[in-house]
Amino acid sequence: MNNFAENLKNLRKAKNLTQTDLAEKLFTSPQTISRWESGDGDPSLDLLISLADILDVDIHSLCQLFQYTDIQTNITENTLKSAEEMLRI
C-alpha cells in the first residue's frame, strides 16, 4: 500500500466515514475509493480538491500524501494555488 492510500484510509476512518459514505460525497463508486485505498489508482485533481474539503485538510497537505507516487510530478505549485483559490470561492 502506498503512502497516499494508507493516509486516505486513515483520514476517512478518522471522520467515521465508510468507503460508501465517501463515495457518495464524491459522486463516485465505493469500488473507486477501494482502489485508491489499495494503491491501485489515484484521484483526479477535481476529486482531490473534493477529498481535501470532505476530509478537512488543505489541498497542499493532501497532495503531500502523494510524495511516493507519480501524481506529485503532475501537480505544480500553480495548480495547487488555483485549487486552493477554487475552494475559497
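These numbers come from a predicted model, not from an experiment. Values reported hereafter were calculated over all heavy atoms of this structure, with side chains retained and with hydrogens, waters and symmetry mates removed.
Listed here is the closest heavy atom pair of Gly39 and Ala5: N-CB, 3.7 Å. Taking both residues in full, the closest heavy atoms of Pro30 and Ala23 are given as N-CB, 3.5 Å, listed atom of the first, atom of the second, then distance. For the residue pair Leu22 and Arg12, the shortest heavy atom distance occurs at CD2-CD, 3.9 Å. In terms of heavy atoms, Leu26 sits closest to Ile33 at CD1-CD1, 3.8 Å.
By the side-chain contact (heavy atoms from CB on, under 4.5 Å) test, Thr32 is found to be paired with Thr28, Ser29, Arg35, Trp36, residues two or more places apart in sequence or in another chain being considered. Annotation: side-chain contact (heavy atoms from CB on, under 4.5 Å) contacts of Thr18 (sequence neighbours excluded): Thr20, Asp21.
Annotation: side chain of Asp56 is in contact with side chain of Lys15 (closest heavy-atom distance under 4.5 Å).
If you take CG on Leu48 and CG on Asp53, they are separated by 11.5 Å, rounding to the nearest 0.5 Å. Between the CG atom of Asp40 and the CD atom of Gln31 there is a distance of 13.0 Å, given to the nearest 0.5 Å. From Glu24, atom CD reaches atom CD of Gln19 across 12.5 Å, with rounding to the nearest 0.5 Å.
Here the options are Asn7, Leu8, Asn10, the test is side-chain contact (heavy atoms from CB on, under 4.5 Å), and the partner is Glu37; only Leu8 passes.
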